[in-house]
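All remarks here apply to the structure that follows.
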Amino acid sequence: MKKIIWITGAGSGIGKALAIAYGKQGNTIILSGRKKEQLEEISTYIDHSFVLPLDVSQEDQITKATQTVEKKYNHIDVLINNAGISQRSLTHEITNDVGRTLMEVNFFGSIHLTKAVLPIMMKVNRGTIVAMSSAAGKFGFPLRSYYSASKHAIHGFYESLSLELKDTNIKVTVVCPGRIQTDISKNALNGEGQTHDKMDQGQLNGIPVDQCANQIIRGIAKSKSEIYIGGKEIILIYIKRFFPALFRFIAQRVDPE
Ligand SMILES: NC(=O)c1ccc[n+]([C@@H]2O[C@H](COP(=O)([O-])OP(=O)(O)OC[C@H]3O[C@@H](n4cnc5c(N)ncnc54)[C@H](OP(=O)(O)O)[C@@H]3O)[C@@H](O)[C@H]2O)c1
């Protein structure tokens, strides 16, 4: 059955790849992000799409956008809270304002949109909510203190939500990518809030974004509660879980860029 799928951060990277791949299956894709022109360009690759600019850090925009979507489509089958910004700054060099921005986008942006969409899904007792975390949502990493905290917070929120929804047909999936070839390191913020503007080696060595999107789509179809995607860095999630001291030994030696 064709679905109504709302993706934030759909203008680039993983969100764009998901939008195009889901679009190819004949689904209707609602494309959100801050840059309207980027979204309009992506909409040309998709037969059924709707461009809906949205800054997820603005609660009033979330309310308005959700009303627009409900009026137009009546329902949302899949919400993918993909919008996010990374960090490239030591903790003592990042201002509180920049840190707050990372939390506003990565955490509050995601949960506020979920809370706005949830009643629509509850009316028909059906839907899937996807939250984008990161391997850094499973362990801390240098230069990522706020980013990692925002992604750890995602796990606490969405695990609680999924337990609350246990007797419903509303599924919750949290995605933890490792290193994926996108511009995330270029778009990451430094301590003063400027973009890092550098394609990190780790990013370049990541897995292709289309491969990542396909794995996410397969995981969502199976209603997985968590999806891990990436290269050998994913092993660190298990090392952290079972051998925390070994994790520290390794993580201290990995190049954070
Ligand atoms: N690439 C990786 O290795 C990796 C690893 C782990 C997790 N992730 C997560 O995957 C998600 C997508 O990242 P990506 O790799 O595809 O990087 P990306 O290309 O930089 O994509 C991030 C997207 O988020 C959007 N965005 C940023 N701030 C926003 C806001 N306030 N409101 C709405 N949209 C906003 C950006 O669009 P606009 O600027 O137009 O708003 C952009 O399209 C993020 O949540 C990231 O944390 C990525």
Side-chain angles (χ1 to χ4, degrees), residues 6-21 30-42 51-62 65 79-88 98 100-113 130-139 141 144 146-155 158 174-189 193 195-213 215-216 226-231 233-234 236-237 256-257:
W6 188 358
I7 305 175
T8 66
S12 62
I14 300 173
K16 174 180 173 181
L18 283 170
I20 292 173
I30 302 162
L31 301 160
S32 285
R34 290 171 301 177
K35 301 190 191 88
K36 191 175 178 208
E37 306 73 46
Q38 244 181 17
L39 301 172
E40 279 169 347
E41 199 235 314
I42 289 153
V51 169
L52 184 60
L54 168 65
D55 181 338
V56 296
S57 67
Q58 304 300 315
E59 279 185 64
D60 55 333
Q61 290 189 28
I62 286 184
L79 168 67
I80 305 184
N81 289 292
N82 166 72
I85 304 177
S86 194
Q87 171 192 349
R88 291 298 181 276
V98 177
R100 215 176 281 276
T101 297
L102 293 167
M103 289 301 291
E104 287 293 345
V105 175
N106 297 347
F107 178 63
F108 287 110
S110 174
I111 71 165
H112 288 160
L113 184 57
V130 180
M132 196 58 74
S133 175
S134 166
K138 290 287 182 180
F139 52 74
F141 206 60
R144 313 277 201 284
Y146 279 94
Y147 178 73
S148 177
S150 70
K151 298 296 192 180
H152 274 73
I154 286 282
H155 286 272
Y158 285 96
V174 178
V175 183
C176 303
R179 284 172 159 165
I180 316 298
Q181 283 167 15
T182 70
D183 283 348
I184 192 163
S185 69
K186 285 189 183 171
N187 298 331
L189 299 182
T195 49
H196 179 60
D197 268 337
K198 192 178 140 204
M199 180 58 96
D200 287 352
Q201 198 55 45
Q203 231 60 60
L204 271 177
N205 295 340
I207 67 162
V209 70
D210 293 339
Q211 188 182 324
C212 170
Q215 270 183 255
I216 293 174
E226 282 191 357
I227 305 172
Y228 302 157
I229 302 168
E233 69 280 6
I234 293 300
L236 278 178
I237 296 177
E257 293 195 353

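Just the heavy atoms: all of them, side chains too, but no hydrogens, waters or symmetry mates, feed the values below. Atoms within each ligand, like the ligands themselves, are counted from 1 in listed order.
Evaluation of the side-chain hydrogen bond (donor to acceptor under 3.5 Å, both in side chains) rule for Glu41 yields Tyr45 as partners, not counting sequence neighbours.
Ala131 approaches Ser110 most closely through the heavy-atom pair CB-OG, 4.4 Å. Shown here for Trp6 and Ser32, the closest heavy-atom pair between the two residues is NE1-OG, 2.9 Å.
Protein residues lining ligand 1, listed by chain and number: Gly9, Gly11, Ser12, Gly13, Ile14, Gly33, Arg34, Lys35, Gln38, Leu54, Asp55, Val56, Asn82, Ala83, Gly84, Ile85, Val105, Met132, Ser133, Ser134, Tyr147, Lys151, Pro177, Gly178, Arg179, Ile180, Thr182, Ile184, Asn187, Gln203 [non-hydrogen atoms, distance under 4.0 Å].
With hydrogens and angles ignored, the 3.5 Å screen pairs no side-chain donor or acceptor of Asn81 with any backbone N or O of Met132.
Residue-environment remark: CD (Glu59) stays at or below the threshold of 12 foreign heavy atoms within 6.0 Å.
Checked for salt-bridge contact, Arg88 and Asp200 meet the test: a charged N lies under 4.0 Å from a carboxylate O.
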